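These notes concern the structure reproduced below.
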Amino acid sequence: MSEKRQQETVRSLSETEVSGDHKASIALGAYMKRSWQLYVLFLIPLLYVVIFKYGPMVGAQIAFKDYNVVKGLWASDWVGMKHFVRFFNSYDFWRIMENTLFISIYSLVVSTPLPVLLALSLNAVRIRWFKNTVQMVSYAPHFISTVVLVGLLLQFMDPRTGMINQLFGLFGIDPVHFMGEMKYFKSIYVWSGIWQHIGFSCIIYLAALSTVDPALHEAAVLDGAGRTKRIWHIDMPAILPIAMILLILNTGQLLETGFEKIYLMQNPLNLKTSEVIDTYVYKIGLLSQAMNFSYATAIGLFKSAISLVLIVTVNYTARKTGQESLW
Amino acid sequence: MDTLSAAKGDRLFHIVNNAVLGLFLIIVLYPLLYVLSASFSSSSAVISGKVWLWPVDFSLEGYQAVFRHRMVWTGLQNTIIYTALGTVVSLFITILAAYPLSRSDFKGRRAFTLLFVFTMMFNGGLIPSYLLVRELGMLDTIWAMVIPTALSVWNVMIMMTYFRTSIPKELLESAQMDGCNDFMFLLRIVLPLSGPIIAVVTLFYGVDQWNQYFNALIFLKKEKLFPLQLVLRDILIQNQVSQETLGDVQTAAARQGLRELLKYSLIVVSSAPLLAAYPFVQKYFVKGIMIGSIKG
């Protein structure tokens, strides 16, 4: 008796399941009939992302293989972690890691707070035309190309004809070959980046500051709060969430030292402090006579993996400590 | 009493603040001004360091030398083509990605967004990308300059957020009642309402394409395909100036002078188009970037 009921229940359950499926498929059919055009639109970008963003991720498997042009991507022989181990043990490893980390941390430490300061400072200006002029001018360098920027650096810092050394000459200081001195490389890289991008980076903070309710400031003034106090207690909290988000994003980019600029700034004299992962990968993989695709890919993949771990960790920490986070 | 001292402190604050910003203004502006002035000076004035703020011995010899340089013309022409084509392709594909993702009734939206955003945090790296482009037969073609970096996920997110926040839902509902399909809605209603964001994203892509040299460096070997930035690199950074450019200049010193002057003029020529276009679009910037910062 109970067995029979059980069977019935089972049967009816499976029936509802079938009819449920059926219903869902009808609903899906109706949905697709209504919305298929959205999927048609989305098809091109989706294919694009799969091919050009995920394609290379699939291709990155050659980091674990000995890539052979004749055999191709799939048929080349697996070699496990060989290329990674080779990189970790190589003579260049520590120097490159040190340069990469030093440059990125240096630039993170400088380029995170400075745009915030600029935004706070601009926001406090009461003379409108002055504020607008500073803002307009500060965006301009952002649109200069990397090649031109490095060209500018070379022109200004030329030991003989450069403006800086001519200025030094007026004061009787001996000319300095800035681009040829190893110890200056990182500072030139970071501070020229600040010069170029600080104005543009501060836009986002200015936008956040523009949403601050003026009534807050008025009330604070009535309570006798000076400008500096108001900046600290009203403006800063408005900026902090965005600063946090950008910090997380930038941490994820920690090893992504701008290849283009560093590569252009390199010369045989400063190579010891200027070689970073990205330039090394390019030289090993594409520039050297014996193109070593697998080895170069392994180094690149090592970098990507660390970046991913970093961004996930920072985001996790931010979320745990109750700060703004990406997800 | 308290407010009085606060007011006094404020005055001090504003003096210091304005002074610091004034200094900042000079630091940003001076190098730009110097380049512009140097480019209009004579070569002997540039090399002997007489130029400080304004052009000395006004002359156009630098510009004449720039345009005698055949590769500059080739590069300029290529860059214009790459920028125009690249921007159109990028804009097209960005709109196609952003619009469906902005629709809350687009099933799979979350998964697709994740698929896109993940590529901002992880990538296959330089060599696999190079091999892919090679595999697709795009090496040494115009497509290598346009396709591999056509889509910026960041721009998709900015545009998606704009669509979602500034196109009212009611508009879609009433259009659907009138029998308007999604293609038509995007074309006739969404796009005409999205001028500011289209301007911003166009500018971002345009600037990127104009300044692009990395793709050219790794994907192009044929000189006649070189964009301006690659030509610039040869001249500005590797100091390679063709003989024809130096014209009939005889002495070594004069040659050296013209070489330096040429660089300043070249910097002006290559950066002028962007700097000239930018005051017209700059009012959209703040808007575009603000939109991007709203959490999706």
Side-chain angles (χ1 to χ4, degrees), chain A residues 31 35 37-38 41-42 44-45 48-49 52-53 55-57 59-60 121-122 124-126 134 137-141 143-148 150-152 154-156 161 163 166 195 203-204 206-207 224-228 242 252 259-260 264 281-282 285-286 293 296-297 300-301 304 308 311, chain B residues 2-3 6 9-10 13 17-18 20-21 25 28-29 31-32 34 47 49 93 96-97 99-100 103 105-106 115-116 119 121-132 148 151 181-183 207 211 213-214 218 229 232-233 236-237 260 263 267 270-271 274-275 278 282 285-286 289-290 293:
Chain A
Y31 172 75
S35 304
Q37 291 181 338
L38 288 180
L41 291 174
F42 199 65
I44 295 175
Y48 179 87
V49 166
F52 286 96
K53 307 267 184 186
M57 292 186 208
S121 165
L122 272 171
V125 172
R126 285 179 300 191
V134 176
V137 171
S138 71
Y139 302 159
F143 296 92
I144 292 174
S145 77
T146 314
V147 178
V148 167
V150 177
L152 281 177
L154 292 178
Q155 286 306 98
F156 285 134
T161 59
M163 195 195 67
Q166 279 170 356
W195 179 81
I203 296 180
I204 195 165
L206 282 173
R227 189 69 225 187
T228 35
I242 293 177
F259 164 85
E260 308 195 357
L264 290 171
V281 167
Y282 172 69
L286 296 178
F293 287 147
T297 305
L301 197 62
S304 293
L308 188 64
I311 196 168
Chain B
D2 233 24
T3 31
D10 275 8
F13 170 83
N17 191 38
N18 288 347
V20 170
L21 279 179
L25 183 68
V28 175
L29 196 57
L32 302 176
Y34 179 87
I47 201 162
I93 185 167
L96 291 191
Y99 181 65
R103 285 271 297 265
D105 60 333
F106 181 59
L115 192 79
F116 274 54
T119 66
M121 294 183 255
F122 188 78
N123 63 67
L126 173 69
I127 306 299
S129 306
Y130 172 83
L131 290 176
L132 177 71
L151 187 79
N181 63 36
D182 289 327
F183 290 161
V207 171
N211 289 338
Y213 105 99
F214 185 63
I218 57 176
Q229 297 299 329
L232 281 177
R233 182 181 79 126
L236 293 180
I237 297 172
E260 294 308 311
K263 290 179 185 169
I267 287 172
S270 66
S271 311
L274 293 185
L275 292 179
Y278 131 86
Q282 71 115 358
F285 275 175
V286 178
I289 291 171
M290 199 154 60
S293 70

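Per chain, numbering begins at 1; letters A, B, ... match sequence-line order. These numbers were taken from a predicted model, which means no experiment stands behind them.
Rounding to the nearest 0.5 Å gives a distance of 11.5 Å between CG of B:N18 and CG of B:L25. With values rounded to the nearest 0.5 angstrom, B:F183 atom CZ is found 4.0 Å from A:Q37 atom CD. For the atom pair B:Y130 OH and A:Y282 OH, the distance stands at 9.5 Å (nearest 0.5 Å). The distance from the CZ atom of A:R126 to the CG atom of B:D10 is 7.0 Å, given to the nearest 0.5 Å. Taken from CH2 in A:W195 to CG in A:L152, the straight-line distance is 6.0 Å, to the nearest 0.5 Å. Interatomic distance, CZ of A:F52 versus CG of B:N123, reported as 15.0 Å (0.5 Å rounding).
Among B:T119, B:V20, B:L126, B:L32, the residue making the largest number of heavy-atom pairs under 4.5 Å with chain A is B:T119. The greatest number of non-hydrogen atom pairs below 4.5 Å with chain A, out of B:L232, B:L236, B:L115, is found for B:L115. Listed options B:G125, B:S270, B:S271, B:A97 were ranked by heavy-atom pairs under 4.5 angstrom with chain A; first place goes to B:A97. Chain B forms the most heavy-atom pairs under 4.5 Å with one residue out of A:S35, A:G151, A:S145, and that residue is A:S145. Counting heavy-atom pairs closer than 4.5 Å to chain B, the top-ranked of the candidates A:A140, A:P141, A:G300 is A:A140. The candidate from B:L131, B:I218, B:V207, B:L29 with the greatest count of non-hydrogen atom pairs under 4.5 Å with chain A is B:L131.
Contacts between B:I93 and chain A at a heavy-atom distance below 4.5 Å involve backbone atoms as well as side-chain atoms. Contact of B:F122 with chain A is made through backbone and side chain together, with heavy-atom distances under 4.5 Å. Both the backbone and the side chain of A:L264 come within contact range of chain B, judged by heavy atoms closer than 4.5 Å. Interface remark: B:L151 contributes backbone and side-chain atoms alike to the contact with chain A (heavy atom separation under 4.5 Å). For A:V49, the part lying under 4.5 angstrom from a heavy atom of chain B is the side chain only. B:L21 touches chain A through backbone and side chain together, each having a heavy atom under 4.5 Å away. Heavy atoms closer than 4.5 Å to chain B are found nowhere in A:T146, neither backbone nor side chain. For chain A, the nearby parts of B:I237 are the backbone and the side chain; heavy atoms of each come within less than 4.5 Å. Proximity to chain A (any heavy atom under 4.5 Å) is shown, for B:S129, by both the backbone and the side chain.
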Determine whether B:D182 and B:R103 satisfy the following criterion, side-chain contact (heavy atoms from CB on, under 4.5 Å), listing intermediate values before the conclusion.
CA-CA 11 Å; B:D182 289 327; B:R103 285 271 297 265; 2.9 Å; yes
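Of all heavy-atom pairs spanning A:A124 and B:N17, the tightest one is CB-ND2, 3.8 Å. Between A:L38 and B:P100 the shortest heavy-atom distance is O-CG, 3.6 Å. Closest approach of A:V147 and B:Q229 over heavy atoms only: CB-OE1, 3.5 Å.
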